[in-house]
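Everything on this sheet refers to the single structure shown next.
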There are 2 protein chains.
Amino acid sequence: METNTASSPNDHGNILVVDDDADIRLLVSKFLQRHGYHVHTASDARSLRETLKRFSIDAIILDVMLPGISGIQACRTIRQTSSVPIILLTARSEEDFRVSGLEGGADDYVTKPFSPRELLARLRSVLRRSRGGDLNTTPPDRNRILFDGWVFDTQRRELNTPEGVLIDLSTGEYNLLVTFLEHANRVLSREMLMEFAKMRASDPFDRTIDVQISRLRRKLEISENAEQIIKTVRNAGYVFLPKVTFE
Amino acid sequence: METNTASSPNDHGNILVVDDDADIRLLVSKFLQRHGYHVHTASDARSLRETLKRFSIDAIILDVMLPGISGIQACRTIRQTSSVPIILLTARSEEDFRVSGLEGGADDYVTKPFSPRELLARLRSVLRRSRGGDLNTTPPDRNRILFDGWVFDTQRRELNTPEGVLIDLSTGEYNLLVTFLEHANRVLSREMLMEFAKMRASDPFDRTIDVQISRLRRKLEISENAEQIIKTVRNAGYVFLPKVTFE
DNA sequence: CCCGTTTGTTACAAATTGTTGCAGAATATG
DNA sequence: CATATTCTGCAACAATTTGTAACAAACGGG
């Protein structure tokens, strides 16, 4: 078991990161430490249990795929003895896990590959709700997302321009935008985009995504705000450029 | 038998949670405890009886599916010796249970998967009526549901626009709206909608639900309030957009 | 049994998404 | 630097999915 409890100026709480991939453990740990959290790590179910026994943990970040045990199982096990907030890390195309994960007692989930910024937002939200004692009362509040002055309401599925004009999005445009927002500042391949945005299976030469991007861009250009939002990366895919703020 | 009587600052009463699924017992217990109730739990009919004998219980939350005994049976049995309020937990597609459950002496029911918020609302309502001593006089008062300024009275089956105009709904429209309200902000497939809204079995190409949605929408558009309420999700189903408040 | 109301069916219109082709941009090649 | 090659943008069209009017069947109250 690794315990990585480097102290930080302001202590926002003890977080336990559980993942069998050492890279991810390290990445997440460093990031959270920089934001004032104490971080413990564990790589399997056994060390998870031990850490929970030995330390007072405020929240757990848990990969759904652990060697030997599913994250859902782990989730239930934890829930038998504790109501500590849990955020699941799910790989793409594991929507089933996300649903059953929430049923299994998780409080929120983040899809890999995730932006640390998003993870942080979710963590804060979960901790806030946990302290308020109403973790199960309110659903995960992933509803308002801001970028470049735009406001996107995921609950109402509406998009407002910086000028406050309501733009309406088709289902496909909505799915695509959500995908970008959840993986902002990262180059997404056409393949990933199609999968995340729930489009139907992609032949290698499928240009559907290009057309959908084109349609989304047209709507995002309506604003005076001249900044480019979705940038093409030749031979790779597309990136969503603006800084994204959750909630 | 488990007894889980952690004390809470304000004591709102002793609740007995009966379910064979440990996860649900735990989830519900924690939640109710956080809201100031003493919680006892039982996993089968025998421990239910024992708990009732040993403690003064103010309300029972009872899963209809218990190993060895139907919740309805349990309900009747309890009623032979007590008039304690009972809330049934029913899985979906157990509509029969809901009806016969109320006949069997239950005071209200909640359909799984349920929001803890809704359960709490029902529990409060049942306790309030119980203390007033008029539990059998008045039907379950799951009556006021608010969304986007609209007021829906399930008892009278009436819907009022934000302007206060009364809209009347047919049975089918009522069922559909209730389904949406109980599962707001969630994409519901046509299949689920048909099942929940008690329409007759659905062939894969049945468009009945679309037509019913269309009819409901027409009534919901009467208000000046231009906001869209039910949104179509292509290839998936429909979502009810507004935030819903039970009271 | 009649009649008004509600619900189910069907057909066609409208909206959305997928496909293709070509023009133009970006990059590689000579 | 000129040209060839590859890749992307997007208009135009095709296919799919949804909206809803219009009609038929089923229901319910006298």
Side-chain angles (χ1 to χ4, degrees), chain A residues 157-159 166-180 187-222 226 228-241, chain B residues 95 157-159 166-180 187-222 226-241:
Chain A
R157 300 183 157 233
E158 289 171 354
L159 179 65
L166 187 119
I167 304 287
D168 84 344
L169 298 174
S170 75
T171 306
E173 290 156 355
Y174 168 87
N175 287 334
L176 189 53
L177 183 52
V178 166
T179 302
F180 275 122
V187 179
L188 296 172
S189 70
R190 290 180 167 71
E191 205 186 355
M192 280 189 192
L193 286 168
M194 300 213 52
E195 201 170 333
F196 279 126
K198 298 168 192 139
M199 303 171 81
R200 64 121 202 293
S202 62
D203 310 80
F205 294 122
D206 203 330
R207 306 287 312 289
T208 306
I209 198 70
D210 300 51
V211 178
Q212 256 333 19
I213 296 261
S214 167
R215 286 168 179 151
L216 180 55
R217 273 177 171 158
R218 193 176 311 164
K219 295 202 176 175
L220 292 176
E221 276 162 11
I222 290 174
Q228 189 182 20
I229 293 182
I230 298 171
K231 176 175 174 167
T232 309
V233 180
R234 196 175 227 252
N235 289 315
Y238 298 89
V239 209
F240 189 84
L241 295 176
Chain B
E95 298 99 32
R157 307 195 146 220
E158 285 173 357
L159 179 64
L166 187 123
I167 306 285
D168 81 345
L169 298 174
S170 75
T171 312
E173 291 157 354
Y174 170 87
N175 287 335
L176 190 53
L177 182 53
V178 166
T179 302
F180 274 122
V187 178
L188 298 173
S189 69
R190 290 181 167 70
E191 208 184 354
M192 280 189 197
L193 285 168
M194 301 217 46
E195 195 174 330
F196 278 124
K198 302 168 191 141
M199 304 173 81
R200 64 120 206 291
S202 61
D203 310 80
F205 294 122
D206 203 330
R207 305 285 313 288
T208 306
I209 197 71
D210 299 51
V211 177
Q212 220 37 322
I213 296 260
S214 170
R215 286 167 179 152
L216 180 55
R217 273 178 172 157
R218 192 177 312 164
K219 296 201 176 175
L220 292 175
E221 275 163 11
I222 291 174
E227 312 231 33
Q228 191 181 17
I229 293 182
I230 298 170
K231 170 144 184 161
T232 308
V233 180
R234 197 182 228 245
N235 290 314
Y238 298 89
V239 211
F240 189 83
L241 297 175

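Since we're looking at a predicted model, the values are computed, not measured.
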(request) Using the side chain to side chain contact (heavy atoms under 4.5 Å, CB included) rule, take A:L193 and A:F180 through it: C-alpha gap first, then chi angles, then the decisive distance, then the call. (result) CA-CA 8 Å; A:L193 286 168; A:F180 275 122; 3.9 Å; yes
(message) Holding to side-chain hydrogen bond (donor to acceptor under 3.5 Å, both in side chains), I want the full list of residues that pass it with B:R217, two or more places apart in sequence or in another chain.
(response) B:T232
(message) I need a per-nucleotide contact map over nucleotides 25-30 of chain D, read 5' to 3'. Cutoff is protein heavy atoms under 4.0 Å; write B for the base, S for backbone only, - otherwise.
(response) ------
(request) With DNA chain D as reference, determine whether A:R218 or A:G237 sits nearer its 5' end, using the nearest nucleotide of each. (result) A:G237
(request) Work out how much the helix from C:dC1-D:dG30 to C:dG30-D:dC1 bends between its end axes, five pairs an end, to the nearest 10 degrees. (result) 30°
(request) With heavy atoms under 4.0 Å as the rule, sort A:Y238 into base, sugar-phosphate or nothing. (result) sugar-phosphate
(request) Considering just the side-chain nitrogens and oxygens of A:S214, establish if one lies under 4.0 Å of OP1 or OP2 belonging to D:dT8. (result) no
(message) Which residues pass the salt bridge (Lys or Arg N to Asp or Glu O under 4.0 Å) test with B:K231, not counting sequence neighbours?
(response) none
(message) Could you work out, with side chain to side chain contact (heavy atoms under 4.5 Å, CB included) as the rule, every residue matching A:I222, not counting sequence neighbours?
(response) A:I167
(request) Could you tell me whether the phosphate oxygens of D:dT18, OP1 or OP2, come under 4.0 Å of any side-chain nitrogen or oxygen in B:R190? (result) yes
(message) Suppose we screen for side-chain hydrogen bond (donor to acceptor under 3.5 Å, both in side chains). Which residues come up paired with B:S170, at least two apart in sequence or across chains?
(response) B:E173
(message) For B:L159 and B:K219: C-alpha separation, side-chain torsions, deciding distance, then whether side chain to side chain contact (heavy atoms under 4.5 Å, CB included) applies.
(response) CA-CA 10 Å; B:L159 179 64; B:K219 296 201 176 175; 5.8 Å; no
(message) According to salt bridge (Lys or Arg N to Asp or Glu O under 4.0 Å), who are the partners of A:D210, at least two apart in sequence or on a separate chain?
(response) A:R190, A:R207
(message) What does the B/S/- profile of nucleotides 10-20 of chain C look like, 5' to 3', with a 4.0 Å heavy-atom cutoff to protein?
(response) B----BBBBBB
(message) Output the rounded distance in Å from CZ (B:R217) to C1' (D:dG19).
(response) 8 Å
(message) List the residues meeting side-chain hydrogen bond (donor to acceptor under 3.5 Å, both in side chains) with A:T171, not counting sequence neighbours, and say none if there are none.
(response) none
(message) How many whole angstroms separate atom CG of B:L176 from atom P of C:dT6?
(response) 15 Å
(message) Test of understanding: with side-chain hydrogen bond (donor to acceptor under 3.5 Å, both in side chains), list the residues that count as partners of A:T179, not counting sequence neighbours.
(response) none
(request) Not counting sequence neighbours, which residues clear side chain to side chain contact (heavy atoms under 4.5 Å, CB included) with A:V187? List them please. (result) A:V233, A:A236, A:V239
